[in-house]
Amino acid sequence: MIIKIFKPFWSYDVQKTEDWLASMAQKGYELIRINPLTRYFYFQQVESNVANYRIVFDKVPNPSLSKGLLNFGWTKVLQSGKWVVTMNRLPLEQIRTFPDREGIVKHNKKIMYIFMGILIYLMVAFLNVILISAIAMSVSKFNHFNVFSGPYGFIPATALGLSVILCIFTVYSLITLNKTNKRITEEFLQPTKSNGQVTPLQQIILSKNEEKRLKNSGQLVMKWKPGWMYAPDRLEAWLEGMEEKGYNLYKVGKTGAAFYFIKGKPRKVCYCADLQNTADTNYFNIHMESGWACLYKSSSWTRRWVVWAQEYVPGEAKPQIYSDKLNQLKLARRIALTYSAMFLPLIIVYTYTIVINIKLSTYSNLDRLQLINMILFAILILMFGSYVSRTWLYYNRLRKHHL
């Protein structure tokens with residue numbers, strides 16, 4: 001008997017889909033076909049069995065599995081378009097090699113860029129509607145303007161409803177795809193569980209009771225370091241100094257501003273804060289194979305900060321994540337240009353607004369709201385200006401050091 005099941009958003013969360021396929025196999029339903037257009041999964045009823053599924057995205061037509069995957073029991077179940085479903089009947093703990101998911105991460109990022117463009121378009125269109133409505137109300141004799149009245153009022157009402165639905169779907173897609181990419185990347189960066197002892201440069205997991213016990217005993221210390229990404233070399237020097245004092249980095253808070261240390265033994269550790277536009281699994285694997293440990297990675301899907309660490313013996317040469325000085329300068333320049341592009345347009349807009357308000361004050365007194373806005377804009381100009389200047393000072397420090 002063949003059954004079909006509708007899964008419209010199965011590709012948004014491939015890990016959840018894999019678990020679902022494994023549960024279907026345990027119930028005696030084996031996957032035989034996927035229709036990429038109708039989003040239907042077709043199953044054939046067989047004997048109940050245990051299977052581990054992995055879904056990959058490959059642009060190569062009819063890709064074959066590598067010899068290493070075949071040796072570990074992986075088989076190709078089917079291919080639907082560029083989606084490939086693989087299966088392994090070995091217990092999960094016996095599997096040492098898994099299919100590469102880098103294609104899924106890149107595919108999701110492309111979709112996210114498309115959805116981001118749609119969201120920006122909808123926001124701009126919404127603002128234009130508000131502006132046009134305000135203008136229409138100002139010129140209306142009755143001081144009101146209703147586009148939903150009249151025989152054709154259903155047209156703008158329908159357009160508004162569809163726009164709201166599309167906006168909700170776009171936001172949902174962005175959030176779901178970002179979470180999926182984050183989980184896929186973390187498959188290669190699973191923290192090491194511990195009983196409370198610090199293992200060198202590995203991100204360990206402590207229970208809340210263990211953390212509370214260490215905090216009460218003074219063994220777990222938290223330090224704030226907000227805004228470190230505008231001068232990452234200062235963060236690296238600070239972390240290395242903390243390690244020399246015997247404060248071993250335990251974890252970094254989700255926002256990247258809080259650093260947690262466990263009092264241990266002094267050690268020599270080299271830290272590197274790296275900014276990547278596309279921090280994919282290959283990027284992490286290359287550095288981890290070179291002996292670097294990933295202690296923090298930001299959750300942004302456009303640009304990602306990663307903090308790397310590597311212990312070394314005193315007297316030996318300090319390890320460098322980028323051996324080429326030119327690469328270090330390029331990284332510092334990219335950081336400065338990135339934050340300049342983010343904050344300089346805002347600084348210009350806020351400065352222009354303040355200048356306009358000052359000119360208007362010569363004709364009439366400013367009200368309290370305008371004065372508050374001017375003060376807030378001035379504070380933001382100073383704040384954003386400090387961010388930009390700190391990144392360029394960081395670049396100049398590196399350039400003077402390497403030249």
Side-chain angles (χ1 to χ4, degrees), residues 1-109 111-112 172-193 205 280-282 284-285 301:
M1 182 179 70
I2 296 178
I3 65 170
K4 64 178 182 178
I5 299 177
F6 182 56
K7 284 280 184 177
F9 303 114
W10 68 267
S11 59
Y12 275 27
D13 192 343
V14 292
Q15 293 167 316
K16 186 177 180 180
T17 302
E18 292 165 354
D19 295 338
W20 173 67
L21 291 175
S23 66
M24 292 294 291
Q26 289 181 346
K27 296 175 183 178
Y29 294 98
E30 186 178 63
L31 180 67
I32 58 174
R33 180 180 167 225
I34 299 176
N35 191 317
L37 296 178
T38 62
R39 317 296 284 181
Y40 273 103
F41 283 68
Y42 293 83
F43 296 88
Q44 183 176 5
Q45 192 169 14
V46 294
E47 292 184 1
S48 176
N49 58 74
V50 177
N52 295 298
Y53 286 89
R54 283 295 182 273
I55 301 173
V56 298
F57 187 86
D58 201 327
K59 294 182 179 180
V60 179
N62 298 320
S64 57
L65 299 182
S66 65
K67 186 176 180 181
L69 292 175
L70 294 174
N71 291 337
F72 276 97
W74 288 101
T75 58
K76 180 179 175 181
V77 178
L78 59 86
Q79 180 172 359
S80 177
K82 297 177 182 178
W83 292 98
V84 181
V85 180
T86 61
M87 180 182 65
N88 197 321
R89 297 193 183 278
L90 292 175
L92 190 61
E93 59 272 9
Q94 296 182 12
I95 304 175
R96 296 291 178 266
T97 302
F98 294 86
D100 185 18
R101 296 186 191 266
E102 191 57 38
I104 296 179
V105 175
K106 292 181 178 179
H107 174 69
N108 287 347
K109 283 184 177 180
I111 298 177
M112 290 168 71
Y172 164 79
S173 299
L174 288 171
I175 294 174
T176 306
L177 291 172
N178 185 41
K179 288 182 178 179
T180 298
N181 278 2
K182 185 178 179 181
R183 286 196 298 268
I184 290 175
T185 303
E186 288 176 347
E187 286 180 345
F188 300 88
L189 298 167
Q190 293 297 334
T192 303
K193 293 186 177 181
I205 295 178
D280 51 28
T281 53
N282 289 332
F284 288 105
N285 289 336
W301 61 274

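These values consider heavy atoms only, across backbone and side chains, with no hydrogens, waters or symmetry-generated copies. The first residue of the sequence shown is numbered 1, and numbering continues consecutively from there.
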Taking all non-hydrogen atoms of both residues into account, name the closest pair between [X] and [Y] and its distance.
{"X": "L31", "Y": "V77", "answer": "O-CG1, 3.7 Å"}
{"X": "T86", "Y": "P99", "answer": "OG1-CG, 3.6 Å"}
{"X": "I55", "Y": "V14", "answer": "CD1-O, 4.2 Å"}
{"X": "Y12", "Y": "S173", "answer": "OH-OG, 2.9 Å"}
{"X": "A51", "Y": "A25", "answer": "CB-CB, 4.3 Å"}
{"X": "D100", "Y": "V56", "answer": "O-CG1, 3.3 Å"}

Under 3.5 Å donor-acceptor, [X] side chain and [Y] backbone:
{"X": "N71", "Y": "K67", "value": "yes"}
{"X": "D13", "Y": "T176", "value": "no"}
{"X": "T97", "Y": "G68", "value": "no"}

Which donor-acceptor pairs under 3.5 Å do side chains of residues 42-49 form with protein atoms, sequence neighbours excluded?
| from | atom 1 | to | atom 2 | distance (Å) |
| --- | --- | --- | --- | --- |
| S48 | OG | Q26 | O | 2.3 |
| N49 | OD1 | R89 | NH1 | 2.7 |
| N49 | ND2 | E47 | O | 3.0 |

When rounded to the nearest 0.5 angstrom, what is the spacing between [atom1] in [X] and [atom2] in [Y]?
{"X": "L90", "Y": "N52", "atom1": "CG", "atom2": "CG", "value": "8.5 Å"}
{"X": "N108", "Y": "L177", "atom1": "CG", "atom2": "CG", "value": "5.0 Å"}
{"X": "L21", "Y": "I34", "atom1": "CG", "atom2": "CD1", "value": "7.0 Å"}
{"X": "M112", "Y": "N181", "atom1": "CE", "atom2": "CG", "value": "6.0 Å"}
{"X": "I184", "Y": "K179", "atom1": "CD1", "atom2": "NZ", "value": "14.5 Å"}
{"X": "K27", "Y": "E30", "atom1": "NZ", "atom2": "CD", "value": "16.0 Å"}

Does a side-chain heavy-atom distance below 4.5 Å link W83 with S11?
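In short, these two side chains touch, coming nearer than 4.5 Å.
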
Is there a side-chain contact between F6 and N35, using heavy atoms and a 4.5 Å cut-off?
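Of all side-chain heavy-atom pairs linking N35 with F6, none is under 4.5 Å.
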
Are E18 and R101 close enough for a salt bridge, meaning some N to O gap below 4.0 Å?
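Counted as a salt bridge, because a side-chain N and a carboxylate O are separated by less than 4.0 Å.
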
In terms of ring plane angle, is the pair F57 and H107 parallel, tilted or perpendicular, where the classes change at 30° and 60°?
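Plane angle under 30°, so parallel.
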
What verdict does the side chain to side chain contact (heavy atoms under 4.5 Å, CB included) test give for R33 and S80, after you've listed the backbone C-alpha separation in whole Å, the side-chain angles of each residue and the deciding distance to 0.1 Å?
CA-CA 8 Å; R33 180 180 167 225; S80 177; over 6 Å; no

Dump the intermediate steps for side chain to side chain contact (heavy atoms under 4.5 Å, CB included) on M24 and I3, then the final yes or no.
CA-CA 11 Å; M24 292 294 291; I3 65 170; 4.2 Å; yes

Stepwise side chain to side chain contact (heavy atoms under 4.5 Å, CB included) check, K76 with V84
CA-CA 7 Å; K76 180 179 175 181; V84 181; 4.1 Å; yes

Is the NZ or CZ atom of K7 positioned over F41's six-membered ring, under 6.0 angstrom from the centre and within 45° of the axis?
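Judged by the rule, K7 and F41 form no cation-pi pair.
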
With sequence neighbours left out, what residues match F98 under ring-ring contact (aromatic ring centres under 6.0 Å, His included)?
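Result, ring-ring contact (aromatic ring centres under 6.0 Å, His included) vs F98: W74.
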
I5 vs W20, test: side chain to side chain contact (heavy atoms under 4.5 Å, CB included). Steps then yes/no.
CA-CA 11 Å; I5 299 177; W20 173 67; 3.7 Å; yes

